[in-house]
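The structure appears below as structure tokens.
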Amino acid sequence: MKLPPFTSSRPLTLGVELELQLVNTYDYDLVDSTTDLLRLLKKKGKDWDVKPEITQGMVEMATGICVSHADVFEQLDEIRQGIVECADRLDIGVCGGGTHAFQHWSERRIYDTPRFDQLSSLYGYLAKQFTIFGQHVHVGCDNADEALTLLHLLSGFIPHFIALSASSPFVQGNDTGFHSARLNSVFSFPLSGRAPLIETWDSFGEYFESMMATGIVKSMKDFYWDIRPKPEYGTIEVRVMDTPLTIEKAAQIAAFIQSLTRYLTLERPYAPRETDYLVYTFNRFQACRFGYEGVYVNPRNHEHRSLSEEILETLNKIEPHAIALKADGACAALRREVSNANSDVGWLRQQHAQTKSLAEVVQRQCARWRA
Amino acid sequence: MMGHTQWLFFMRIALSFLLASLAGEGVCRLVKMPRITGYALAGLLLGPLGLDWVDGDDLPDFRFLVELTLTLLLFELGVRVSLRWLKYNPWVIASSLLESVATFIAVFGVLMGTGSEVKSALSIAVIAMGTSPVIVLRMVTEMRAQGQVTQRLLVLCGLNTVYSVVCFYLIMGWFQGAFHGQWFMALFHSFYLLVGSLGMGLVLALSFKLLRRMFELSDEQSAPVLFGLLLLLQALLVALELPVFLAPLLGGVLAKHFDPRPHLWPRHFGTAGSILTIILFMMTGSLLTRNAFVVGVGTAMIVVLARFVAKGLGVLLLGPVSGLNLRQSLVLGVALIPMAEIPLVELMDMRALYPQMGVRILPIVFSMMNVLEIVGPMAVQWGLIRSQEFQEKSS
């Protein structure tokens, strides 16, 4: 298979995907009910995009093409309600969060499709460890070269996305001390990390073909990059976020990415260069580990500052663009969160401190997801 | 002081218990059948049909343990019945009512057709409605099953147990009225039993919630407290002459409703539960005398078949509208086969009250119960494997 041509799409349009947890309502462990939920959703006869994910107990919902924050929120809200109604009929709970707090990976069951079976046999236990829940945001681009440039410009903001969305402190029944422990599971995949710095679609095609020739990859899907192009949609897809605990937050993060993209496209403050990536994994680790408190190293002037300072400054810079996109309300909400040091992770740890029970934390996550 | 006979009795029971538990392991490892099928087989072997080490006369000595087993299990089952769910998905109640009514009609019809008299047919039909909480819960726990079939199996089992026990008491009230000509008293008594059970269930649920909140008990810490409460409940039920089985079940349902937080305590009772199950199965085996078997087994097999067809069709008909697919509905019907041991104690009481009726129905019921203790666990196992809802043991 060759690299497909890059379909042009309207710049700054958005598409949001959220991977969700399905849990039972008596001990709040993950439950193998994906098939049942999809069957019920299908009967509703709506054209909602809800798909299975690699293991039973996961489900992915996605919006169509959205133009604004309000649009994203409305679409997410409608699908959420549909899913919650069907889940109620099955006596299961649905919630956000990047990891399930206490599920055991060995108890997961691979969702039966040829692709998932193949992944499972290739990656072994990693496939089951991949029972993690992310938010993906697609941003539309009108041409391929622009898309690749944008990809590398946005790479500098990966720590921002991670800290804002982080919601996975608990893994396999323990507090990891991380804000996003989910990404640690992604990093164990051989083709994870950053895309190579290539800014034309032709050169990218050559890179892709030489990778294919090695037999390592068969399609774009085999790259588990933090941001990757999706030529079929004409988008680049930001994939580092945890699924937040609410769709409000998910929509806000999409709005933040949209405003940032407008800023980077119209103002083009700098061009991407390889040395930007010197600090990439350091910054990313700091964001995963410490959230807003993490250190952010500016690759251009080598200044060290806290990630919260950095995010607040970014929000200042993009404000006119947020206003132009009617995303300013969403960005203001994120600003309040960062200023007050509120985060989904903080909320999760607080619930755990109160209840001393991870099962109860999951129960409260479900209640938050509905509200 | 342990007298000579007590010592012998104790030894006999201890050896029987050991044998039953080993039989369970053996059956599980050699032929991959459920452990509890092994317990049931051992129960038969130890009973009057086999070695005659344990017999029905021992039952009074074990009544407390049998009741305790059922109290724990029924509370656990109740916790799995979510009233909220039944509100969101009323088709689950509809399919439960359909399968139970169909079972009642089918069994009653078959018995009348084979020449039983009305009262016996009614009693057996009412008992046949119930699915065994013991077998269902043990199998679900042992196979670590979870999913839609499992969830519905538990809920339908809980609901049909309620119908079965309630109808049993109503019918007993009616018999009593007809027997003594005191209709009002009989009806009033049935009413007292049912409302009293509901009230005690309510008291249990509320006090559990209150204690949990007052002492900020985590799930694990609450297990012994709950055990204490259930023991207390059992004592109160005996004192108030209320049925032992309805209150813990309703209490579980209400406890979950008032406090929808996770209930993990059944995990802490796991081992105790399996020990008590062995004792219970030894007792049912001990009730089946050679005479009862010869008299009852023919009719019992016909009733078992009619019951199976009725439950299967009932669930199959309404499964799809309640959110299952056809295969799941079919599997669920099969998994409902095990028959409740609940009336065991009540039946012993009834035998004391109406010896003639006891003679007519006990052989059939005891035969059914024993047959279904062997076949039932296998049916549930098959169902949970077919629906892919069991969890392989992680080593």
Side-chain angles (χ1 to χ4, degrees), chain A residues 22-44 55-57 84-93 101-112 125 128 172-173 351-367 370, chain B residues 76-92 140 144-152 154-155 212 216-222 252 255-257 259-267 319-328 384 387-395:
Chain A
L22 304 182
V23 297
N24 71 47
T25 58
Y26 60 94
D27 69 5
Y28 291 90
D29 200 351
L30 286 175
V31 67
D32 298 355
S33 288
T34 305
T35 318
D36 302 294
L37 185 74
L38 293 175
R39 186 175 59 246
L40 258 58
L41 276 164
K42 208 172 161 190
K43 278 193 192 161
K44 289 209 160 219
T55 61
Q56 286 275 1
V84 165
E85 272 166 36
C86 291
D88 281 344
R89 275 171 48 80
L90 296 169
D91 199 17
I92 57 179
F102 60 90
Q103 60 106 2
H104 281 285
W105 65 267
S106 61
E107 291 174 1
R108 302 283 63 85
R109 198 190 302 273
I110 300 293
Y111 190 94
D112 193 15
Y125 90 113
K128 288 187 180 180
Q172 314 277 313
Q351 307 309 309
H352 187 223
Q354 275 173 20
T355 62
K356 300 176 200 76
S357 151
L358 287 174
E360 277 187 54
V361 174
V362 178
Q363 186 207 352
R364 292 179 177 199
Q365 274 172 259
C366 293
R370 298 178 81 98
Chain B
E76 185 181 339
L77 183 66
V79 166
R80 298 294 295 266
V81 179
S82 155
L83 291 179
R84 270 177 209 88
W85 184 37
L86 299 179
K87 196 184 81 187
Y88 289 132
N89 194 348
W91 284 111
V92 174
V140 165
R144 301 196 300 152
Q146 48 120 322
Q148 281 300 305
V149 172
T150 308
Q151 182 65 3
R152 281 152 204 260
L154 290 165
V155 169
R212 230 183 135 174
E216 289 183 11
L217 294 172
S218 77
D219 205 56
E220 201 164 338
Q221 296 156 339
S222 64
K256 177 69 182 173
H257 189 69
D259 188 2
R261 290 186 296 171
H263 289 263
L264 305 177
W265 65 272
R267 285 190 198 158
V321 278
S322 76
L324 292 180
N325 67 22
L326 265 182
R327 191 172 54 104
Q328 286 171 320
L384 295 179
S387 60
Q388 298 195 322
E389 292 188 1
F390 71 105
Q391 198 69 248
E392 276 140 273
K393 281 258 153 63
S394 61
S395 46

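Every chain is numbered from 1, with letters handed out A, B, ... down the list of sequences. These numbers come from the heavy atoms of this one structure, side chains and all, not from hydrogens, waters or symmetry mates.
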task: Pick one of side chain, backbone, both or neither for A:L40, based on which atoms fall under 4.5 Å of a heavy atom in chain B.
output: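 It is the side chain, since no backbone atom gets that close.
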field: Which portion of A:L30 sits near chain B, non-hydrogen atoms under 4.5 angstrom
entry: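 Contact with chain B: backbone only.
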For [X], is it the side chain, the backbone, both or neither that has a heavy atom under 4.5 Å from a heavy atom of chain A?
| X | result |
| --- | --- |
| B:P90 | neither |
| B:R152 | side chain |
| B:K87 | neither |

query: Under the side chain to side chain donor-acceptor pair (under 3.5 Å) criterion, do A:R39 and B:Q328 qualify, and how do the steps go?
result: CA-CA 13 Å; A:R39 186 175 59 246; B:Q328 286 171 320; 3.0 Å; yes
Closest approach of [X] to [Y] (non-hydrogen atoms, all atoms of both residues):
| X | Y | result |
| --- | --- | --- |
| B:R261 | A:Q363 | CA-OE1, 3.4 Å |
| A:K43 | B:P320 | NZ-O, 3.3 Å |
| B:K256 | A:Y26 | NZ-CA, 3.8 Å |
| B:Y88 | A:R89 | O-CG, 3.8 Å |

query: When you look at NZ of A:K42, are more than 12 heavy atoms from neighbouring residues, nucleotides or ligands closer to it than 6.0 Å?
result: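 No, because the 6.0 Å sphere around NZ of A:K42 holds 12 heavy atoms or fewer from other groups.
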Looking at [X] and [Y], would you say the former's side chain and the latter's main chain have a donor-acceptor pair under 3.5 Å?
| X | Y | value |
| --- | --- | --- |
| B:Q146 | A:D32 | yes |
| B:R144 | A:E107 | no |
| B:Q151 | A:L90 | no |

From [X] [atom1] over to [Y] [atom2], what is the distance, rounded to the nearest 0.5 angstrom?
| X | Y | atom1 | atom2 | result |
| --- | --- | --- | --- | --- |
| A:T25 | B:R80 | OG1 | CZ | 8.0 Å |
| B:W85 | A:D91 | CH2 | CG | 5.5 Å |
| A:N24 | B:S82 | CG | OG | 11.5 Å |

query: Stepwise, does the side-chain contact (heavy atoms from CB on, under 4.5 Å) test hold for B:Q148 with A:V31?
result: CA-CA 9 Å; B:Q148 281 300 305; A:V31 67; over 6 Å; no
